[in-house]
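Chain identifiers are assigned alphabetically (A, B, ...) following the order of the sequence lines, protein sequences preceding nucleic acid strands; residue numbering begins at 1 within each chain.
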Amino acid sequence: VADTGTSGPSSYCRFIPGYTLGACITGVIQYGDNGTGDSPEIIINAQHEGQFTWQTTRQVLFASGPVSVEFRVSAGGSNQLTLAKGASVGSASDSTVGTEFITGVEVGAAVFAAPRRRMHWSNLVAKYYKNNVLREAVIMGPECEPKADTYPPNNRAFQAASYPPSASDNDAVTVTGILQLAGDRGDPNFEFNPSDFYAKILVFATNCHTR
Amino acid sequence: MCGRGIVIPAGGMRYFPCAWVCIRVLRALGCKLPIELWHVGRQELSAGMRALVEPFGVACVDATAVAASRPPRFLSGWPIKSFALMHTGFREVLLLDADNMPVVDPTYLFDTPQYHATGAVFWPDSEPFGPHRAIWRLTGVPYRSELAVESGQMLVDRQRCWPGVALAGWMNNQHADFWYRHLHGDKDTFRFAWRKTGLDYAMPPRSPKDLPDTLLQLDFGGGLLFQHRYGNKWSLDSQTLRIPGFRLEMLCRQFLAELRARWTNRPNPPHRHEDAEPAARAVAESLSHGRWHLESSSGTSTVSFHLDGSVRGGSARERTWSLTVHATEAILAIAGIDSVAWRLARGHNDLWVGQAPAEPGRAVSLCRIC
(Lines give C-alpha, C1' and ligand atoms only; values in the text may rest on other atoms or scores of the structure.)
Protein backbone atom coordinates (compact mmCIF):
# COMPACT_ATOMS: atom_id res chain seq x y z
CA VAL A 1 0.00 0.00 0.00
CA ALA A 2 1.48 3.29 -1.05
CA ASP A 3 1.90 5.99 1.53
CA THR A 4 -0.17 9.14 1.32
CA GLY A 5 1.37 12.52 1.65
CA THR A 6 1.60 15.95 0.27
CA SER A 7 4.96 16.24 -1.38
CA GLY A 8 5.51 16.52 -5.07
CA PRO A 9 3.35 17.33 -8.03
CA SER A 10 -0.23 16.15 -8.26
CA SER A 11 -0.63 13.53 -10.91
CA TYR A 12 -3.88 14.79 -12.37
CA CYS A 13 -2.64 13.95 -15.83
CA ARG A 14 -3.64 10.36 -16.41
CA PHE A 15 -0.61 9.20 -18.33
CA ILE A 16 -0.22 5.44 -18.45
CA PRO A 17 2.98 3.45 -18.97
CA GLY A 18 1.34 1.34 -21.65
CA TYR A 19 -2.04 0.48 -23.06
CA THR A 20 -4.30 -1.66 -20.94
CA LEU A 21 -5.09 -5.08 -22.31
CA GLY A 22 -8.63 -6.01 -23.19
CA ALA A 23 -9.90 -3.09 -25.23
CA CYS A 24 -13.13 -3.83 -27.02
CA ILE A 25 -12.69 -1.49 -29.96
CA THR A 26 -9.37 -0.19 -31.20
CA GLY A 27 -8.90 2.67 -33.60
CA VAL A 28 -5.48 3.06 -35.18
CA ILE A 29 -4.20 6.12 -37.01
CA GLN A 30 -0.88 5.61 -38.74
CA TYR A 31 1.27 7.11 -41.44
CA GLY A 32 0.35 4.23 -43.74
CA ASP A 33 1.47 5.13 -47.21
CA ASN A 34 0.22 8.71 -47.05
CA GLY A 35 -2.99 7.86 -48.85
CA THR A 36 -1.57 6.24 -51.96
CA GLY A 37 -3.66 3.15 -51.49
CA ASP A 38 -1.77 0.06 -50.40
CA SER A 39 -1.30 0.61 -46.71
CA PRO A 40 -4.16 2.12 -44.69
CA GLU A 41 -3.92 5.23 -42.55
CA ILE A 42 -7.05 4.42 -40.55
CA ILE A 43 -7.86 1.03 -39.06
CA ILE A 44 -10.61 -0.19 -36.74
CA ASN A 45 -10.13 -3.49 -34.94
CA ALA A 46 -7.33 -4.53 -37.26
CA GLN A 47 -9.62 -5.17 -40.21
CA HIS A 48 -11.69 -2.17 -41.28
CA GLU A 49 -9.52 0.29 -43.13
CA GLY A 50 -9.58 3.78 -44.55
CA GLN A 51 -7.28 6.12 -46.44
CA PHE A 52 -6.06 9.61 -45.67
CA THR A 53 -3.45 11.87 -47.22
CA TRP A 54 -1.25 13.51 -44.61
CA GLN A 55 0.80 15.64 -46.99
CA THR A 56 -0.19 16.27 -50.59
CA THR A 57 3.32 17.05 -51.83
CA ARG A 58 6.21 14.99 -50.57
CA GLN A 59 8.90 17.15 -49.03
CA VAL A 60 12.04 16.49 -47.06
CA LEU A 61 10.30 17.97 -44.04
CA PHE A 62 7.08 16.10 -43.44
CA ALA A 63 4.34 18.02 -41.63
CA SER A 64 0.71 17.00 -41.64
CA GLY A 65 -0.59 20.21 -40.12
CA PRO A 66 -3.54 19.91 -37.72
CA VAL A 67 -5.81 17.01 -38.59
CA SER A 68 -9.17 16.67 -36.86
CA VAL A 69 -9.96 13.24 -35.50
CA GLU A 70 -13.29 11.81 -34.44
CA PHE A 71 -13.85 8.27 -33.19
CA ARG A 72 -17.49 7.39 -32.53
CA VAL A 73 -18.30 4.19 -30.73
CA SER A 74 -21.77 3.12 -29.69
CA ALA A 75 -23.06 0.10 -27.86
CA GLY A 76 -25.20 -0.81 -30.84
CA GLY A 77 -22.09 -1.49 -32.87
CA SER A 78 -21.83 1.59 -35.05
CA ASN A 79 -18.17 2.56 -34.89
CA GLN A 80 -16.50 5.12 -37.11
CA LEU A 81 -13.06 6.73 -37.13
CA THR A 82 -12.74 9.88 -39.24
CA LEU A 83 -9.83 12.14 -40.09
CA ALA A 84 -10.41 15.55 -41.64
CA LYS A 85 -8.24 18.38 -42.82
CA GLY A 86 -9.90 21.01 -44.95
CA ALA A 87 -11.66 19.25 -47.80
CA SER A 88 -9.65 16.09 -47.28
CA VAL A 89 -11.58 13.50 -45.31
CA GLY A 90 -10.91 9.82 -44.64
CA SER A 91 -12.73 7.33 -42.51
CA ALA A 92 -13.15 3.69 -41.57
CA SER A 93 -16.30 2.10 -40.27
CA ASP A 94 -17.10 -1.06 -38.40
CA SER A 95 -20.41 -2.47 -37.30
CA THR A 96 -19.31 -5.95 -36.34
CA VAL A 97 -18.56 -5.34 -32.66
CA GLY A 98 -21.18 -4.36 -30.11
CA THR A 99 -20.98 -3.62 -26.42
CA GLU A 100 -23.14 -3.05 -23.40
CA PHE A 101 -21.58 -0.15 -21.50
CA ILE A 102 -18.56 1.98 -22.37
CA THR A 103 -16.21 1.96 -19.42
CA GLY A 104 -13.10 3.80 -20.55
CA VAL A 105 -10.93 5.32 -23.22
CA GLU A 106 -7.18 5.36 -23.70
CA VAL A 107 -5.43 7.50 -26.28
CA GLY A 108 -1.78 7.35 -27.25
CA ALA A 109 0.79 8.47 -29.74
CA ALA A 110 3.94 6.70 -30.83
CA VAL A 111 6.72 7.29 -33.32
CA PHE A 112 9.41 4.94 -34.53
CA ALA A 113 12.28 5.50 -32.12
CA ALA A 114 14.51 7.37 -34.52
CA PRO A 115 15.34 11.05 -34.18
CA ARG A 116 13.18 13.78 -35.65
CA ARG A 117 9.71 12.26 -35.55
CA ARG A 118 6.78 13.85 -33.80
CA MET A 119 3.13 12.90 -33.22
CA HIS A 120 1.15 15.25 -31.00
CA TRP A 121 -2.43 15.13 -29.78
CA SER A 122 -4.18 18.33 -28.74
CA ASN A 123 -7.70 19.39 -27.79
CA LEU A 124 -8.55 15.82 -26.83
CA VAL A 125 -12.08 15.29 -25.55
CA ALA A 126 -13.82 12.06 -24.58
CA LYS A 127 -17.59 12.65 -24.67
CA TYR A 128 -19.67 9.99 -22.97
CA TYR A 129 -23.36 9.53 -23.81
CA LYS A 130 -26.35 7.72 -22.37
CA ASN A 131 -29.46 7.40 -24.53
CA ASN A 132 -28.05 9.98 -26.95
CA VAL A 133 -27.63 12.56 -24.18
CA LEU A 134 -24.15 13.93 -23.53
CA ARG A 135 -23.47 13.20 -19.86
CA GLU A 136 -19.78 13.88 -19.43
CA ALA A 137 -16.92 15.40 -21.38
CA VAL A 138 -13.46 14.55 -20.09
CA ILE A 139 -11.14 17.38 -21.16
CA MET A 140 -7.66 17.47 -19.73
CA GLY A 141 -5.25 20.36 -19.96
CA PRO A 142 -2.78 20.62 -22.83
CA GLU A 143 0.01 19.30 -20.62
CA CYS A 144 -1.90 16.03 -20.23
CA GLU A 145 -2.29 15.17 -23.89
CA PRO A 146 -0.14 12.40 -25.39
CA LYS A 147 2.90 13.56 -27.30
CA ALA A 148 5.55 11.37 -28.89
CA ASP A 149 8.56 13.40 -29.89
CA THR A 150 12.08 12.37 -30.84
CA TYR A 151 13.24 15.76 -32.09
CA PRO A 152 16.45 16.26 -30.11
CA PRO A 153 16.76 16.65 -27.20
CA ASN A 154 13.46 14.86 -26.74
CA ASN A 155 13.46 11.11 -26.74
CA ARG A 156 9.90 10.16 -25.88
CA ALA A 157 8.75 7.76 -28.58
CA PHE A 158 5.49 6.85 -26.87
CA GLN A 159 2.99 8.46 -24.56
CA ALA A 160 -0.56 7.49 -23.72
CA ALA A 161 -3.25 8.70 -21.36
CA SER A 162 -6.51 7.44 -19.95
CA TYR A 163 -9.78 9.39 -20.18
CA PRO A 164 -12.12 7.48 -17.89
CA PRO A 165 -15.77 8.40 -17.32
CA SER A 166 -17.21 8.84 -13.85
CA ALA A 167 -20.27 6.72 -14.73
CA SER A 168 -20.08 3.08 -15.74
CA ASP A 169 -23.29 2.80 -17.76
CA ASN A 170 -22.61 5.03 -20.75
CA ASP A 171 -23.70 3.54 -24.06
CA ALA A 172 -21.65 5.64 -26.46
CA VAL A 173 -18.48 7.65 -26.58
CA THR A 174 -17.02 10.08 -29.05
CA VAL A 175 -13.34 10.89 -28.88
CA THR A 176 -12.27 14.04 -30.69
CA GLY A 177 -8.97 15.77 -31.00
CA ILE A 178 -6.35 17.26 -33.25
CA LEU A 179 -3.43 15.15 -34.37
CA GLN A 180 -0.25 16.55 -35.88
CA LEU A 181 2.53 14.52 -37.44
CA ALA A 182 5.95 15.82 -38.35
CA GLY A 183 9.23 14.27 -39.36
CA ASP A 184 12.43 14.78 -41.23
CA ARG A 185 12.91 12.46 -44.18
CA GLY A 186 16.47 13.63 -44.66
CA ASP A 187 16.26 12.55 -48.29
CA PRO A 188 13.32 13.46 -50.53
CA ASN A 189 13.21 9.87 -51.80
CA PHE A 190 13.01 8.40 -48.31
CA GLU A 191 9.59 7.19 -47.29
CA PHE A 192 8.47 6.37 -43.78
CA ASN A 193 7.29 2.90 -42.88
CA PRO A 194 3.52 2.60 -42.37
CA SER A 195 3.71 2.44 -38.60
CA ASP A 196 6.49 4.99 -38.07
CA PHE A 197 3.74 7.30 -36.79
CA TYR A 198 1.19 5.29 -34.88
CA ALA A 199 -1.67 6.52 -32.68
CA LYS A 200 -4.28 4.42 -30.96
CA ILE A 201 -7.66 5.10 -29.44
CA LEU A 202 -8.82 2.23 -27.28
CA VAL A 203 -12.39 1.92 -26.09
CA PHE A 204 -13.15 -0.40 -23.20
CA ALA A 205 -16.59 -1.82 -22.65
CA THR A 206 -18.60 -4.49 -20.93
CA ASN A 207 -20.08 -7.39 -22.84
CA CYS A 208 -17.92 -6.82 -25.86
CA HIS A 209 -19.23 -9.14 -28.56
CA THR A 210 -19.25 -9.82 -32.27
CA ARG A 211 -22.54 -8.93 -33.84
CA MET B 1 30.30 21.26 -8.55
CA CYS B 2 30.67 24.50 -6.69
CA GLY B 3 28.82 27.15 -4.81
CA ARG B 4 25.37 27.43 -3.36
CA GLY B 5 22.16 27.73 -5.24
CA ILE B 6 18.49 26.94 -5.54
CA VAL B 7 17.11 24.24 -7.82
CA ILE B 8 13.47 24.37 -8.87
CA PRO B 9 12.13 21.49 -10.97
CA ALA B 10 9.35 22.96 -13.08
CA GLY B 11 8.13 23.41 -16.60
CA GLY B 12 4.94 23.06 -18.55
CA MET B 13 1.77 25.03 -18.26
CA ARG B 14 1.03 23.68 -14.80
CA TYR B 15 4.31 24.29 -13.03
CA PHE B 16 5.75 27.28 -14.82
CA PRO B 17 3.35 29.78 -13.18
CA CYS B 18 4.20 28.24 -9.79
CA ALA B 19 7.91 28.53 -10.49
CA TRP B 20 7.45 32.10 -11.65
CA VAL B 21 5.75 33.06 -8.39
CA CYS B 22 8.40 31.23 -6.36
CA ILE B 23 11.25 32.94 -8.21
CA ARG B 24 9.72 36.39 -7.97
CA VAL B 25 9.02 35.94 -4.26
CA LEU B 26 12.59 34.75 -3.65
CA ARG B 27 13.96 37.86 -5.29
CA ALA B 28 11.43 40.11 -3.56
CA LEU B 29 12.62 38.68 -0.23
CA GLY B 30 16.18 39.68 -1.11
CA CYS B 31 17.51 36.22 -1.94
CA LYS B 32 20.49 36.55 -4.25
CA LEU B 33 21.32 32.87 -4.66
CA PRO B 34 21.56 31.68 -8.26
CA ILE B 35 18.61 29.60 -9.39
CA GLU B 36 18.43 26.66 -11.77
CA LEU B 37 15.02 25.90 -13.29
CA TRP B 38 14.93 22.28 -14.44
CA HIS B 39 12.50 21.05 -17.08
CA VAL B 40 12.02 18.02 -19.32
CA GLY B 41 12.42 18.94 -22.95
CA ARG B 42 11.63 22.04 -24.92
CA GLN B 43 7.95 21.18 -24.89
CA GLU B 44 7.94 22.07 -21.18
CA LEU B 45 9.78 25.37 -21.48
CA SER B 46 9.57 27.48 -24.61
CA ALA B 47 12.02 30.18 -25.57
CA GLY B 48 9.43 32.72 -24.47
CA MET B 49 9.10 31.16 -21.03
CA ARG B 50 12.87 31.01 -20.70
CA ALA B 51 13.15 34.68 -21.60
CA LEU B 52 10.68 35.54 -18.85
CA VAL B 53 12.71 34.02 -16.02
CA GLU B 54 16.31 34.49 -17.12
CA PRO B 55 16.46 38.18 -16.12
CA PHE B 56 15.90 37.08 -12.52
CA GLY B 57 19.17 35.20 -12.27
CA VAL B 58 17.67 31.93 -13.41
CA ALA B 59 19.48 29.38 -15.57
CA CYS B 60 17.13 27.00 -17.35
CA VAL B 61 18.38 23.43 -17.55
CA ASP B 62 16.82 20.91 -19.92
CA ALA B 63 17.07 17.55 -18.21
CA THR B 64 16.75 15.69 -21.50
CA ALA B 65 19.90 17.40 -22.76
CA VAL B 66 21.75 16.48 -19.57
CA ALA B 67 20.47 12.92 -19.92
CA ALA B 68 21.12 12.62 -23.64
CA SER B 69 24.18 10.39 -23.37
CA ARG B 70 22.67 8.06 -20.80
CA PRO B 71 18.90 8.56 -20.45
CA PRO B 72 17.38 7.39 -17.19
CA ARG B 73 14.27 5.23 -17.26
CA PHE B 74 12.29 7.87 -15.40
CA LEU B 75 12.71 11.60 -15.74
CA SER B 76 9.35 13.39 -15.86
CA GLY B 77 7.33 14.13 -12.74
CA TRP B 78 8.79 13.35 -9.35
CA PRO B 79 11.98 11.74 -10.72
CA ILE B 80 13.22 15.04 -12.15
CA LYS B 81 13.88 16.17 -8.56
CA SER B 82 16.46 13.49 -7.82
CA PHE B 83 17.89 13.87 -11.32
CA ALA B 84 18.35 17.62 -10.83
CA LEU B 85 19.89 16.99 -7.44
CA MET B 86 22.40 14.60 -9.01
CA HIS B 87 23.32 16.82 -11.94
CA THR B 88 23.00 20.42 -10.77
CA GLY B 89 26.10 22.55 -11.00
CA PHE B 90 25.80 23.63 -7.36
CA ARG B 91 27.62 21.81 -4.59
CA GLU B 92 25.17 23.01 -1.94
CA VAL B 93 21.54 23.00 -3.01
CA LEU B 94 18.24 24.19 -1.70
CA LEU B 95 15.79 22.17 -3.78
CA LEU B 96 12.32 23.67 -3.88
CA ASP B 97 9.19 22.26 -5.48
CA ALA B 98 7.80 24.77 -7.93
CA ASP B 99 4.61 25.05 -5.89
CA ASN B 100 6.56 25.86 -2.76
CA MET B 101 7.77 29.30 -1.69
CA PRO B 102 9.63 30.78 1.25
CA VAL B 103 8.26 33.60 3.37
CA VAL B 104 11.77 34.80 4.34
CA ASP B 105 15.03 34.75 2.45
CA PRO B 106 16.16 31.12 2.96
CA THR B 107 19.87 31.81 2.37
CA TYR B 108 20.59 31.63 6.11
CA LEU B 109 19.76 27.92 6.09
CA PHE B 110 23.18 27.20 4.59
CA ASP B 111 24.78 28.64 7.72
CA THR B 112 22.72 26.87 10.35
CA PRO B 113 24.66 24.55 12.71
CA GLN B 114 22.19 21.74 12.05
CA TYR B 115 23.03 21.84 8.35
CA HIS B 116 26.74 22.04 9.02
CA ALA B 117 26.53 19.05 11.35
CA THR B 118 25.04 16.67 8.78
CA GLY B 119 25.22 18.25 5.33
CA ALA B 120 21.50 17.78 4.80
CA VAL B 121 18.24 19.14 6.12
CA PHE B 122 14.96 17.42 5.37
CA TRP B 123 11.59 18.70 6.53
CA PRO B 124 8.96 16.51 8.17
CA ASP B 125 5.67 15.31 6.76
CA SER B 126 2.60 15.16 8.94
CA GLU B 127 2.56 11.43 9.58
CA PRO B 128 4.95 8.91 11.04
CA PHE B 129 5.96 5.82 9.17
CA GLY B 130 4.89 2.58 10.79
CA PRO B 131 7.04 -0.53 11.33
CA HIS B 132 4.64 -2.69 9.33
CA ARG B 133 5.59 -1.04 6.08
CA ALA B 134 7.35 -3.28 3.57
CA ILE B 135 9.82 -0.55 2.77
CA TRP B 136 11.88 -1.35 5.87
CA ARG B 137 12.34 -4.95 4.76
CA LEU B 138 12.86 -4.04 1.12
CA THR B 139 15.59 -1.55 1.86
CA GLY B 140 17.12 -3.45 4.75
CA VAL B 141 17.03 -0.27 6.81
CA PRO B 142 16.26 -1.08 10.46
CA TYR B 143 12.98 0.40 11.60
CA ARG B 144 13.22 3.62 13.51
CA SER B 145 10.42 5.76 14.82
CA GLU B 146 10.71 8.97 12.86
CA LEU B 147 8.57 11.25 10.78
CA ALA B 148 8.33 10.80 7.05
CA VAL B 149 9.99 13.38 4.83
CA GLU B 150 8.13 16.06 2.91
CA SER B 151 10.45 16.74 0.00
CA GLY B 152 8.96 20.01 -1.17
CA GLN B 153 12.14 21.54 0.20
CA MET B 154 15.49 19.91 0.84
CA LEU B 155 18.88 21.33 1.71
CA VAL B 156 21.79 19.15 0.62
CA ASP B 157 25.55 19.41 0.47
CA ARG B 158 26.02 17.09 -2.50
CA GLN B 159 29.70 16.55 -1.88
CA ARG B 160 29.23 15.40 1.68
CA CYS B 161 26.10 13.41 0.92
CA TRP B 162 26.91 12.02 -2.51
CA PRO B 163 26.18 8.36 -1.65
CA GLY B 164 22.68 9.32 -0.58
CA VAL B 165 22.17 11.57 -3.58
CA ALA B 166 23.29 8.79 -5.92
CA LEU B 167 21.15 6.13 -4.27
CA ALA B 168 18.09 8.39 -4.35
CA GLY B 169 18.81 8.93 -8.03
CA TRP B 170 18.93 5.19 -8.59
CA MET B 171 15.61 4.71 -6.78
CA ASN B 172 13.82 7.53 -8.61
CA ASN B 173 15.41 7.62 -12.04
CA GLN B 174 15.99 3.92 -12.64
CA HIS B 175 13.47 2.10 -10.47
CA ALA B 176 10.60 4.48 -9.73
CA ASP B 177 8.19 1.82 -11.00
CA PHE B 178 9.19 -0.36 -8.06
CA TRP B 179 9.83 2.11 -5.23
CA TYR B 180 6.75 4.23 -5.89
CA ARG B 181 4.66 1.15 -5.18
CA HIS B 182 5.93 1.31 -1.63
CA LEU B 183 6.49 5.03 -1.12
CA HIS B 184 4.48 8.09 -2.06
CA GLY B 185 6.55 9.46 -4.91
CA ASP B 186 10.04 10.68 -4.32
CA LYS B 187 9.74 12.06 -0.84
CA ASP B 188 10.89 9.20 1.37
CA THR B 189 13.29 7.83 -1.20
CA PHE B 190 15.70 10.47 0.06
CA ARG B 191 15.27 9.41 3.67
CA PHE B 192 15.82 5.74 2.91
CA ALA B 193 18.74 6.53 0.61
CA TRP B 194 20.36 8.50 3.43
CA ARG B 195 19.67 5.79 6.00
CA LYS B 196 20.85 3.02 3.72
CA THR B 197 24.14 4.76 3.03
CA GLY B 198 24.72 5.58 6.68
CA LEU B 199 24.22 9.28 6.30
CA ASP B 200 22.45 11.48 8.78
CA TYR B 201 20.27 14.48 8.22
CA ALA B 202 18.86 17.27 10.33
CA MET B 203 15.13 17.90 10.58
CA PRO B 204 13.35 20.85 12.20
CA PRO B 205 11.66 19.52 15.31
CA ARG B 206 8.17 20.85 14.78
CA SER B 207 5.65 19.12 12.55
CA PRO B 208 4.32 21.12 9.62
CA LYS B 209 1.17 23.14 10.02
CA ASP B 210 -1.76 22.90 7.68
CA LEU B 211 -3.68 25.44 5.70
CA PRO B 212 -6.18 24.34 3.05
CA ASP B 213 -4.12 22.82 0.21
CA THR B 214 -0.94 24.12 1.83
CA LEU B 215 1.66 22.72 4.16
CA LEU B 216 3.57 25.23 6.30
CA GLN B 217 7.14 24.24 7.13
CA LEU B 218 9.07 25.79 9.99
CA ASP B 219 12.74 26.39 10.61
CA PHE B 220 14.77 25.09 13.56
CA GLY B 221 13.60 27.96 15.73
CA GLY B 222 9.93 27.41 14.95
CA GLY B 223 9.58 30.34 12.57
CA LEU B 224 7.49 29.98 9.44
CA LEU B 225 9.78 29.36 6.48
CA PHE B 226 8.05 27.63 3.56
CA GLN B 227 4.50 27.51 2.21
CA HIS B 228 4.08 24.40 0.07
CA ARG B 229 0.91 25.01 -1.94
CA TYR B 230 0.48 21.39 -3.02
CA GLY B 231 -3.15 21.89 -4.06
CA ASN B 232 -4.85 24.90 -5.59
CA LYS B 233 -1.59 25.82 -7.25
CA TRP B 234 -0.74 29.12 -8.88
CA SER B 235 -2.14 28.67 -12.35
CA LEU B 236 -3.18 30.40 -15.51
CA ASP B 237 -5.11 27.31 -16.58
CA SER B 238 -7.44 26.84 -13.66
CA GLN B 239 -8.86 29.01 -10.94
CA THR B 240 -6.52 29.80 -8.08
CA LEU B 241 -8.62 30.32 -5.00
CA ARG B 242 -7.58 32.38 -2.03
CA ILE B 243 -6.24 30.47 0.97
CA PRO B 244 -6.96 32.23 4.26
CA GLY B 245 -3.76 32.58 6.23
CA PHE B 246 -1.45 32.19 3.25
CA ARG B 247 1.36 34.71 3.68
CA LEU B 248 2.30 37.09 0.85
CA GLU B 249 -0.83 36.08 -1.07
CA MET B 250 -1.36 39.56 -2.52
CA LEU B 251 2.24 39.76 -3.63
CA CYS B 252 1.96 36.33 -5.27
CA ARG B 253 -1.17 37.42 -7.10
CA GLN B 254 0.61 40.52 -8.33
CA PHE B 255 3.34 38.32 -9.74
CA LEU B 256 0.77 36.01 -11.31
CA ALA B 257 -0.96 38.99 -12.91
CA GLU B 258 2.41 40.20 -14.16
CA LEU B 259 3.03 36.79 -15.74
CA ARG B 260 -0.39 36.88 -17.37
CA ALA B 261 0.38 40.24 -18.90
CA ARG B 262 3.90 39.37 -20.03
CA TRP B 263 3.32 35.82 -21.24
CA THR B 264 1.56 36.97 -24.36
CA ASN B 265 1.62 33.74 -26.34
CA ARG B 266 0.08 31.53 -23.68
CA PRO B 267 -3.05 29.54 -24.57
CA ASN B 268 -6.63 30.70 -24.22
CA PRO B 269 -6.61 34.48 -24.52
CA PRO B 270 -10.19 35.89 -24.61
CA HIS B 271 -12.16 35.52 -27.83
CA ARG B 272 -11.44 38.20 -30.45
CA HIS B 273 -14.34 38.05 -32.83
CA GLU B 274 -12.73 40.14 -35.53
CA ASP B 275 -9.83 37.70 -35.72
CA ALA B 276 -11.81 34.48 -35.42
CA GLU B 277 -12.03 31.88 -38.19
CA PRO B 278 -15.45 31.49 -39.84
CA ALA B 279 -16.26 28.26 -37.98
CA ALA B 280 -15.38 29.83 -34.65
CA ARG B 281 -17.34 32.97 -35.53
CA ALA B 282 -20.45 30.89 -36.16
CA VAL B 283 -20.16 29.12 -32.82
CA ALA B 284 -19.37 32.39 -31.05
CA GLU B 285 -22.41 34.09 -32.52
CA SER B 286 -24.60 31.21 -31.41
CA LEU B 287 -23.16 31.45 -27.91
CA SER B 288 -23.73 35.19 -27.78
CA HIS B 289 -27.46 34.81 -28.36
CA GLY B 290 -29.48 34.67 -25.16
CA ARG B 291 -28.51 33.55 -21.71
CA TRP B 292 -27.22 30.28 -20.34
CA HIS B 293 -27.48 28.24 -17.16
CA LEU B 294 -24.00 27.38 -15.90
CA GLU B 295 -24.19 24.51 -13.43
CA SER B 296 -21.29 23.10 -11.45
CA SER B 297 -20.51 21.81 -8.00
CA SER B 298 -20.12 25.48 -7.01
CA GLY B 299 -23.78 26.16 -7.83
CA THR B 300 -25.85 27.47 -10.70
CA SER B 301 -25.63 30.87 -12.30
CA THR B 302 -27.04 32.62 -15.33
CA VAL B 303 -24.42 33.90 -17.71
CA SER B 304 -24.22 35.51 -21.12
CA PHE B 305 -21.37 35.49 -23.61
CA HIS B 306 -20.42 38.62 -25.49
CA LEU B 307 -18.51 38.97 -28.71
CA ASP B 308 -15.87 41.11 -27.02
CA GLY B 309 -14.80 37.95 -25.17
CA SER B 310 -16.47 38.84 -21.89
CA VAL B 311 -18.80 36.76 -19.74
CA ARG B 312 -21.44 38.56 -17.72
CA GLY B 313 -23.50 37.36 -14.80
CA GLY B 314 -21.16 34.67 -13.50
CA SER B 315 -18.86 34.54 -10.52
CA ALA B 316 -15.21 35.50 -10.34
CA ARG B 317 -14.48 32.21 -12.07
CA GLU B 318 -16.34 33.37 -15.19
CA ARG B 319 -15.03 36.59 -16.67
CA THR B 320 -13.83 35.84 -20.22
CA TRP B 321 -14.25 33.08 -22.76
CA SER B 322 -12.44 31.65 -25.77
CA LEU B 323 -13.15 28.99 -28.36
CA THR B 324 -11.24 26.27 -30.13
CA VAL B 325 -13.21 25.01 -33.11
CA HIS B 326 -12.03 22.36 -35.54
CA ALA B 327 -13.74 20.02 -37.96
CA THR B 328 -15.05 17.64 -35.34
CA GLU B 329 -15.26 19.62 -32.12
CA ALA B 330 -15.87 22.95 -30.44
CA ILE B 331 -14.22 23.56 -27.06
CA LEU B 332 -15.26 26.50 -24.92
CA ALA B 333 -12.82 27.77 -22.29
CA ILE B 334 -14.21 30.05 -19.59
CA ALA B 335 -11.64 31.98 -17.58
CA GLY B 336 -11.92 33.81 -14.29
CA ILE B 337 -9.86 36.50 -12.70
CA ASP B 338 -6.85 34.24 -12.71
CA SER B 339 -7.11 31.64 -15.42
CA VAL B 340 -9.21 29.09 -17.24
CA ALA B 341 -11.82 27.80 -14.81
CA TRP B 342 -13.81 25.54 -17.12
CA ARG B 343 -13.41 23.73 -20.41
CA LEU B 344 -16.54 22.44 -22.13
CA ALA B 345 -17.29 20.48 -25.29
CA ARG B 346 -20.44 20.94 -27.32
CA GLY B 347 -23.23 18.38 -27.29
CA HIS B 348 -26.62 18.41 -28.96
CA ASN B 349 -29.37 20.97 -28.43
CA ASP B 350 -27.32 23.82 -26.99
CA LEU B 351 -25.82 21.70 -24.25
CA TRP B 352 -22.15 22.05 -23.35
CA VAL B 353 -20.50 19.71 -20.88
CA GLY B 354 -17.02 19.77 -19.41
CA GLN B 355 -14.87 20.01 -16.34
CA ALA B 356 -12.37 22.15 -14.49
CA PRO B 357 -8.90 21.63 -15.94
CA ALA B 358 -6.56 19.95 -13.52
CA GLU B 359 -9.51 18.93 -11.38
CA PRO B 360 -10.82 15.70 -12.93
CA GLY B 361 -14.31 14.97 -11.70
CA ARG B 362 -15.25 18.59 -11.14
CA ALA B 363 -17.94 18.73 -13.79
CA VAL B 364 -19.73 21.69 -15.34
CA SER B 365 -22.59 22.04 -17.81
CA LEU B 366 -23.96 24.91 -19.80
CA CYS B 367 -27.46 24.94 -21.23
CA ARG B 368 -29.27 27.69 -23.07
CA ILE B 369 -32.23 29.31 -21.33
CA CYS B 370 -35.17 29.03 -23.66
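Although no hydrogens or angles enter the test, the distance criterion places no donor-acceptor pair under 3.5 Å between the side chain of A:K127 and the main chain of B:G354.
Across A:L124, A:N123, A:V125, a single residue satisfies side chain to side chain contact (heavy atoms under 4.5 Å, CB included) together with B:E329, and that is A:V125.
With 3.5 Å as the limit, one finds no donor-acceptor pair spanning the side chains of B:T328 and A:E70.
Proximity to chain A (any heavy atom under 4.5 Å) is restricted, for B:S76, to the side chain, taken from C-beta onward. Both the backbone and the side chain of B:H326 come within contact range of chain A, judged by heavy atoms closer than 4.5 Å. Interface residue A:V69: only backbone heavy atoms are found under 4.5 Å from chain B. Using a 4.5 Å cut-off between heavy atoms, B:A345 touches chain A through backbone and side chain atoms alike. Looking at B:R229, neither its backbone nor its side chain comes within 4.5 Å of chain A, counting heavy atoms on both sides. The part of B:L344 that comes within reach of chain A is its backbone (N, CA, C, O), which places non-hydrogen atoms under 4.5 angstrom from that chain.
When the side chain to side chain contact (heavy atoms under 4.5 Å, CB included) test is applied to A:D169, the partners found at least two apart in sequence or on another chain are A:F101, A:K130, A:R135, A:A167.
Residues B:H348 and A:N132 have side chains not in contact (no heavy-atom distance under 4.5 Å, counting atoms from C-beta outward).
Residue-environment remark: CD (A:E100) exceeds the threshold of 12 foreign heavy atoms within 6.0 Å. For A:F112, the CZ atom is loosely surrounded, since the number of other residues' heavy atoms within 6.0 Å does not exceed 12.
Contacts between residues 15-28 of chain A and chain B, counted as heavy-atom pairs separated by less than 4.5 Å, involve no residue at all.
Nearest heavy-atom pair across A:S68 and B:A327 is OG-N, 3.1 Å.
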